[in-house]
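Below is the structure I would like to discuss, written out as structure tokens.
Note that this is a predicted model, so its numbers are computed, not measured.
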Amino acid sequence: MLKTWTLTAAPALISALLLAACTTTKDDVLPQDGPPMKQLYEDHFQRIGEQRLHEIRERLQRGSSTSEAGLHGYVRDAHNEIRALFPRVPTPTLVMFVFPHLAGSEEVPVPGYATSFPMYNHTQYALPGEN
């Protein structure tokens with residue numbers, strides 16, 4: 001009789017104890033004090049906006065310094081030099097229309113559509129002196 005009780009009641013008792021130990025309330029998981037979520041959200045985006053505004057102001061102040069502003073266009077740098085010596089050749093964009101058709105072994109209808117792609121697979125550069 002003890003063996004029967006152990007086989008039937010013991011697992012039920014153990015599972016009930018485990019479930020009772022795992023129960024929590026809303027108050028246990030989420031803190032109830034502090035600002036609401038909307039206020040946290042607005043404060044976060046206000047701080048981000050202020051940081052970006054500060055970064056933009058710093059960039060504008062650095063760009064307007066007299067030592068750099070007066071020499072813009074006269075000073076050679078790698079970017080300007082490469083762009084001047086080897087200009088990119090404009091690649092035409094081709095537009096292809098695919099007519100409505102049936103596709104695959106089950107012949108699923110596909111509506112017509114247009115797609116575009118560049119004429120060249122990679123960027124073309126002109127040689128020095130070519131235009």
>> The criterion is side chain to side chain donor-acceptor pair (under 3.5 Å); which residues satisfy it with Q39, sequence neighbours excluded?
In response: D43

> Which other residues end up in the same hydrophobic cluster as V89, if Ile, Leu, Val, Met, Phe, Trp and Tyr are linked when side-chain heavy atoms come under 4.5 Å apart?
Replying inline: none

> For F99, which residues count as a ring pair (Phe, Tyr, Trp, His ring centres under 6.0 Å) partner, sequence neighbours excluded?
Replying inline: F97

>> Do Y113 and L94 land in one hydrophobic cluster if side-chain heavy atoms of ILVMFWY residues count as linked below 4.5 Å?
In response: yes

>> Applying side-chain contact (heavy atoms from CB on, under 4.5 Å), can you list everything that pairs with T93, at least two apart in sequence or on another chain?
In response: S116

Under 3.5 Å, side-chain donor or acceptor atoms of residues 119-129 against the rest of the protein: list the pairs with distances, not counting sequence neighbours.
residue : atom : partner : partner atom : Å
H122    : ND1  : Q124    : NE2          : 3.2

> If Ile, Leu, Val, Met, Phe, Trp and Tyr residues are connected whenever their side-chain heavy atoms lie under 4.5 Å apart, and connections chain through other members, are V110 and L102 in the same group?
Replying inline: no

